[in-house]
Amino acid sequence: MAYKILEKEEIAPSVHRMIIDAPDIAKAAKAGQFIILRIDERGERVPLTIADFEKETGKVAIIFQEMGKSTKQLAKLSAGDFLEDFVGPLGNPADVRKLGTVILVGGGVGVAPIYPQAKAYRSAGNKVISIIGARNKDLLLLEEEMREASSELYIATDDGSKGQHGFVTDILKKILDSGEKVARVVIVGPPIMMKVGTGVASPYDVEIIVSLNSIMVDGTGMCGGCRVMVDGETKFTCIDGPEFDARKVDFVQLMNRLAMYRGEEAKAVEKYEEECRCGLH
Ligand code: FES
């Protein structure tokens with residue numbers, strides 16, 4: 001079954017939003033879950049967090065940055081084109097409950113998965129303080145959407161071209177230091193940002209959650225490509241996560257795995273597809 005691309009827009013340089021006609025996924029999706037798509041029959045599996053969904057219209061939004069071959073190929077498609085596969089929702093939904101005040105921190109394309117969480121936490125009755133950041137103002141994603149979805153919005157850019165000059169984690173520290181009673185901090189972004197953010201929030205009496213969603217191959221617990229060490233145990237991001245207690249995540253191991261990610265991923269996909277051809281999956 002092919003999935004139609006309804007809309008496509010470049011929302012920042014090399015960052016695209018696509019709206020896909022996928023009613024079954026839109027109906028079942030919850031904040032924090034992801035999909036895996038394939039452009040064509042021979043395509044690599046691309047995992048992407050669901051950036052938005054509308055049950056009524058059956059639309060599912062994804063946001064991606066052109067990085068490797070598949071995302072560059074994906075960026076060439078337009079409204080009216082079709083994707084071979086669009087599978088989901090995968091992973092566990094975010095544990096959204098009424099907690100009081102929740103801080104959501106999103107960096108770079110990590111702002112995309114934060115957006116549905118902001119909406120979900122807000123409609124569960126929480127005060128949502130969002131902190132979003134990027135290298136510069138042109139790369140800042142979803143500012144208006146995040147402003148609407150949040151009770152308060154703070155912005156940081158590395159070069160100071162918008163919001164506070166500095167990092168999202170600087171603002172996080174300032175809010176935690178202000179004495180505001182915060183129940184939970186959710187951080188999504190590059191692993192180094194999640195590591196630093198976890199370090200900043202750890203001394204405070206607050207739950208810290210990170211969403212690890214970028215290192216997957218099959219997305220169903222079979223390939224082991226997404227393994228992470230959490231509390232000294234191997235966990236699979238795709239079926240045990242993508243959210244984990246940040247204090248327990250081994251970020252150094254995660255970053256080491258990501259450093260070899262590109263080569264590894266290509267090999268893993270090749271191996272996996274070879275195994276599929278041999279009927280092993
Ligand atoms: S992506 Fe393969 S086990 Fe998780």
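Atoms within a ligand are numbered from 1 in the order they appear, just like the ligands themselves. All values below were derived from every heavy atom in this structure, side-chain atoms included, with hydrogens, water molecules and symmetry-related copies excluded. None of these values were measured; they are calculated from a predicted model.
Remark: Lys119 engages Asp52 in a salt bridge, criterion side-chain N to carboxylate O under 4.0 Å. Looking at Asp85 and Arg38, a side-chain N of the basic residue comes within less than 4.0 Å of a carboxylate O on the acidic one, giving a salt bridge.
The distance from ligand 1 to the heavy atoms of Gly224 drops below 4.0 Å at these ligand atoms: 2 (Fe), 3 (S). For ligand 1, the atoms lying closer than 4.0 Å to a non-hydrogen atom of Cys226 are 1 (S), 3 (S), 4 (Fe). Residue Cys238 approaches ligand 1 through these ligand atoms, each under 4.0 Å from one of its heavy atoms: 1 (S), 3 (S), 4 (Fe). Within ligand 1, the atoms closer than 4.0 Å to a non-hydrogen atom of Gly219 are 1 (S), 2 (Fe), numbered from 1 in the order shown.
Heavy-atom neighbours of Asp205 CG from other residues, nucleotides or ligands within 6.0 Å: at or below the threshold of 12.
Among the backbone and side-chain atoms of Cys223, no N/O/S atom is found under 2.8 Å from atom 4 (Fe) of ligand 1.
The main-chain N or O of Glu145 is never found under 3.5 Å from a side-chain atom of Glu148 such that the two would form a donor-acceptor pair.
Residue-level proximity to ligand 1 for Met222 is carried by the backbone, the only part with a heavy atom below 4.0 angstrom.
Just one residue in the list Glu66, Glu9, Gln65 forms a side chain to side chain donor-acceptor pair (under 3.5 Å) with His16, and that residue is Glu66.
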